[in-house]
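Report on the structure given below.
Whatever order the structure lists ligands and atoms in, that order sets their numbers, starting from 1.
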Amino acid sequence: MPPFVPLQHERLAPQESARRGEAFTAHLDARRTTRHFSTDAVPREWIEQAIRAAGTAPSGAHQQPWTFVAVSDPSLKQRMRDAAEEEERRFYAERITPEWRAALAPLGTDSVKTHLTDAPWVVVLFRQAYGHHDDGSRRTYYYTQESCGIAAGMFIAAVHTMGLVTLTHTPSPMGFLGDLLARPANEKAFLVMPVGYPAADAQVPALSRKALDEIAVFR
Ligand code: IYR
């Protein structure tokens, strides 16, 4: 077991806590998901920084069960797009239910995934469903879905803070990503996040967010 060390923590003045909370909320509230990306380049260092930020996420038993695969190679992005669109054409034509189609209608999604080739980076978050002991035997990992969800949130916040946009894309099924990106059997594709600048004419659906009293209960 690692030794324990003192927690580094600064107690803020109450008005400073309130001010920072408000500012952070306003910052996050300005984030929007868009499907329209510019092809402008983004330095690899910025993607590394966002992944570092995501890697600070808490995780089950501190097992950090995530691998971020950042793709900039145009031909690899094209192959990912081709495979995703093939799956999505099947989804929109056959597998989608009427209720699901109605739920997606306001978002204007379809099987065309231009963001996978327009965005300079496509970051695929893989969930490590289990790990390995030194002798190669399987090591159980705990709460991997929750852990990766938290890490994804931190990645999204970091990207937004850097003035970039991302789109949480979940092609279904996602098995093709493990094959295309040559990931080991314990890694399951969890979330696809193209990252870049928004296109000059990028649009977003006119949506509003639920109010506090719709998402919180105090007792
Ligand atoms: N995976 C499909 C469908 C889709 C599903 C949901 I729920 C969304 O919020 C958006 C899209 C696609 O990527 O188009």
Identify, by atom number and element, the atoms of ligand 1 in contact range of Lys113, meaning under 4.0 Å from any of its heavy atoms.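 With Lys113 as reference, the close atoms of ligand 1 come out as 12 (C), 13 (O), 14 (O).
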**Prompt:** Quick one: which ligand 1 atoms are inside 4.0 Å of a heavy atom on His169?
**Reply:**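 This gives 13 (O) as the contact atoms.
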Could you report the tightest heavy-atom contact between Ala152 and Leu125, atom names first, then the distance?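 Smallest interatomic distance, heavy atoms only, reads CB-CD2, 3.9 Å.
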* For the student: nearest non-hydrogen atoms of Asp110 and Lys113, plus distance ->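 Shortest heavy-atom separation between Asp110 and Lys113 comes out as O-NZ, 2.8 Å.
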Glu88-ligand 1 polar pair, N/O distance under 3.5 Å: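 There is such a contact, yes.
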- Taking everything shown except Arg32 itself, do over 12 heavy atoms lie less than 6.0 Å from its CZ?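 It does: Arg32 CZ has more than 12 such atoms within range.
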TODO: Taking atom CZ of Arg95 as the centre, report whether more than 12 heavy atoms of other residues, nucleotides or ligands fall under 6.0 Å from it.
DONE: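 For Arg95, atom CZ is crowded (more than 12 foreign heavy atoms under 6.0 Å).
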Of the protein's non-hydrogen atoms, which lies at the shortest distance from [atom], and what is that distance?
| atom | value |
| --- | --- |
| atom 7 (I) of ligand 1 | Trp100 NE1, 3.5 Å |
| atom 6 (C) of ligand 1 | Leu104 CD2, 3.4 Å |
| atom 1 (N) of ligand 1 | Thr170 O, 2.9 Å |
| atom 11 (C) of ligand 1 | Tyr92 OH, 3.9 Å |

Which of parallel (below 30°), tilted (30 to 60°) and perpendicular (above 60°) describes Tyr130 and His132?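 Taking His132 first and then Tyr130, their aromatic rings stand perpendicular (interplane angle over 60°).
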Just so I know, are the side chains of Leu116 and His169 near enough to count as touching, which here means a heavy-atom distance under 4.5 Å?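 A side-chain contact exists here, since the closest heavy-atom pair is under 4.5 Å.
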